[in-house]
Amino acid sequence: MKQLAIAKNLSVPLDAISRPWAFLGIRGSGKTYAAGKLVETMLDAKAQVVILDPIGNWYGLRLDRTGKKPSRFAIPIIGGLHGDVPIEPQAGGLVADFVVDTGSSVVLDVSQLRKEQRKHFATDFAEQLFHRKKAHRSPLHLAIEESQVFIPQMGKGQERMLGAFEDLVRLGRNFGIGVSMITQRPQSVNKEVLNQAEPLVVFQLVGKHERDAVKGWMQHVGADLDDAMAKLAGLQEGDCYFWSPAWLRTFQPTRFLEKNSFDGSSTPGIGEATASRKLAAVDLGALQKSMATVIEKKKADDPAELRKTIAQLQKQLAVKVPAGAMKSDQAAIDRAVKKAVHESDKWWSAEAGKLLNKINRIKGVLGDGGLDAIPVRPALQLATEPAMVPAPPELLAAVERRHSAPRSTGDDGLTGPEQRILDALAWLESIGVKQPANSTVAFIADYSPTTSSYKNAKGALRTKGLIEYLPGGCLSLTDDGVAAAVHPTEIHTDNQLRERILSRLPGPEQKILTVLIEAYPVSVSYAALADATAYSSTTSSFKNARGALRSLGFATYPAAGEVRAADLLFPGRAP
Ligand SMILES: Nc1ncnc2c1ncn2[C@@H]1O[C@H](COP(=O)(O)OP(=O)(O)OP(=O)(O)O)[C@@H](O)[C@H]1O
Ligand SMILES: [Mg+2]
């Protein structure tokens, strides 16, 4: 039977491809190098290998030992600085389909993705790969670099990802899937999953926690390797122990053979920029096309992209060039521009008129002298503020579809109050407020910020790493928090936003804010405001309500004795 020759004193049978390997050791001890050698022997045996690489070193497989010429491994690279195609965070499932349908080996370089995107990609990929392999049972080896990232011991908020990788490691063998879990932090890899590993390839290990994790594995497999354990701390770079109690029944010191391809994790020499290494192109044909489709689809569903498109369309609409004027009829163009400018002026003066009416209404309530206290910003300045434009229905429908897709996080172990706070933060983020004041969050979540139920839930979220406390008593979602929060299912118009806020305020705050919203972006003096709301400016209920609006972040104090509605209530036209 064919064997994979990985070391001078060690060849392993081909079913190594479908086994769960683990490579453990301190930084620079030789894990990636050895796993690289194993992968090379598998590729030489025409086996399918997929590498999930959050570090960005595995592109080295494509180059020969010197790093100057192509290697014999024409393995495509998706993502990273050397990718044949960029990686699309949403395309995990699609890439899994590509892997299963084509039987191609591939490096998935997720090193350039942000943490949340990496998680998203890896989870979808692992889930779909497992699912598809159930019907396509052929050997496939998945090398997982820095596997504590994908198979974490502390899985809080990452249950779906952990579950997907756990399935691959535990059950994958039934469908031909083997893995190589590579890690310098065995104690941070989920214990249950790591205990499934065999063989274990152990390099130099010094830390107590790291060694305890290995001891835990030994207990699990019933091995007594105290002698070897004692030697781990003194191992040299590249030297390791190969432990396989049940599969090959061997416990031996060894050293993997020299690799044929470039060692991407070697420290670059002076003047040697790894990023600039050119790889010969690999034809990805169908994948390249479908990846482009996913990118386009994602853009079409992305509210930020939608807003960009809307803004572009608006621009195009603003100047209506008459038909036939396109060639070079400068006079016609001038006429059209003049007309458009005239129309725009008309629109703005109508708006200014409406605003003046509102001010006059306030003046009516104020009686004499009140209006002088209200500074009016020049109309010209007003005219530069864009109006909120409703999105075209088909685009809104696309966003709706995207947001109403079922949440797949499953039971994420959050209490009701915790979820409410996360959702309030997500809601505020959707209107552009990324770091709201504590009291604003409490308000949106329908809590008093001083109650212990609010404070406890907030503290718990911080401990779980879902929110961050920022200076000035502000809060923000972490990447994990963004993933755990339920995001609003609709694009708000400014009006809906203000109505929602007004409807939840107590009477006095509601009255005051209504006046401020009417006057926005003009600020209103305390005296004028008190009169407009029929409060006396000196009563405590007036002062308290005013103060409450300020601490909720809905009112600002642009100058002494003046108050103004906050810009966050007007996301469509924030100055
Ligand atoms: N079997 C070997 N033969 C020759 N050189 C080796 C061997 N094993 C390791 N090395 C050398 O040791 C260096 C460090 O090894 P490697 O990159 O595999 O470390 P690592 O354990 O993956 O470290 P990190 O945790 O930082 O990723 C390699 O760049 C290579 O030069
Ligand atoms: Mg490494």
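Please read all numbers here as calculations on a predicted model, not as lab measurements. Read the numbers this way: they start at 1 and go in the same order the structure lists the ligands and their atoms. Atoms considered below: every heavy atom in the structure, side chains included; atoms not considered: hydrogens, waters and symmetry mates.
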Distance under 4.0 Å to a non-hydrogen atom of [X]: what atoms of ligand 1 satisfy this?
X	value
Ser265	17 (O)
Gly30	8 (N), 9 (C), 15 (O), 16 (P), 18 (O), 19 (O), 20 (P), 21 (O)
Asp263	28 (C), 29 (O), 30 (C), 31 (O)

Please work out whether any backbone atom (N, CA, C, O) or any side-chain heavy atom from C-beta onward of [X] is under 4.0 Å from ligand 1, and answer side chain, backbone, both or neither.
X	result
Arg27	both
Arg255	side chain
Gln184	side chain
Ile26	backbone

Item to check | Distance-only N or O hit between ligand 1 and Ser29, under 3.5 Å | outcome: yes
Checklist entry - Looking only at N/O atoms, are Glu146 and ligand 1 under 3.5 Å apart anywhere? => result no
Next on the checklist: Looking at Arg185, is its backbone amide N or carbonyl O close enough to the side chain of Glu210 to form a donor-acceptor pair, meaning the two atoms are under 3.5 Å apart?
Outcome noted: no
Next on the checklist: Could you check whether any side-chain N or O of Arg137 sits under 3.5 Å from a backbone N or O of Gly176, counting only pairs where one atom can act as donor and the other as acceptor?
Outcome noted: no
Validation: residues 94-108 side-chain donor-acceptor distances under 3.5 Å, sequence neighbours left out:
from: Asp97; atom 1: OD1; to: Gln128; atom 2: NE2; distance (Å): 2.7
from: Asp97; atom 1: OD1; to: Arg132; atom 2: NH1; distance (Å): 2.8
from: Asp101; atom 1: OD1; to: Arg132; atom 2: NH1; distance (Å): 3.4
from: Asp101; atom 1: OD1; to: Arg132; atom 2: NH2; distance (Å): 2.6
from: Thr102; atom 1: OG1; to: Phe98; atom 2: O; distance (Å): 2.6
from: Thr102; atom 1: OG1; to: Ser104; atom 2: N; distance (Å): 3.1
from: Ser105; atom 1: OG; to: Val49; atom 2: N; distance (Å): 2.9
from: Ser105; atom 1: OG; to: Val49; atom 2: O; distance (Å): 3.4

Next on the checklist: Assess whether a salt bridge exists between Asp263 and Lys37, defined as any Lys/Arg side-chain N lying under 4.0 Å from an Asp/Glu carboxylate O.
Outcome noted: no
Checklist entry - Using a distance threshold of 2.8 Å, what protein N/O/S atoms lie below it relative to the Mg ion (ligand 2)? => result Thr32 OG1
Checklist entry - Which is it for Phe23 and Phe203 under the side-chain contact (heavy atoms from CB on, under 4.5 Å) test, yes or no, and what are the steps along the way? => result CA-CA 8 Å; Phe23 293 81; Phe203 295 79; 4.2 Å; yes
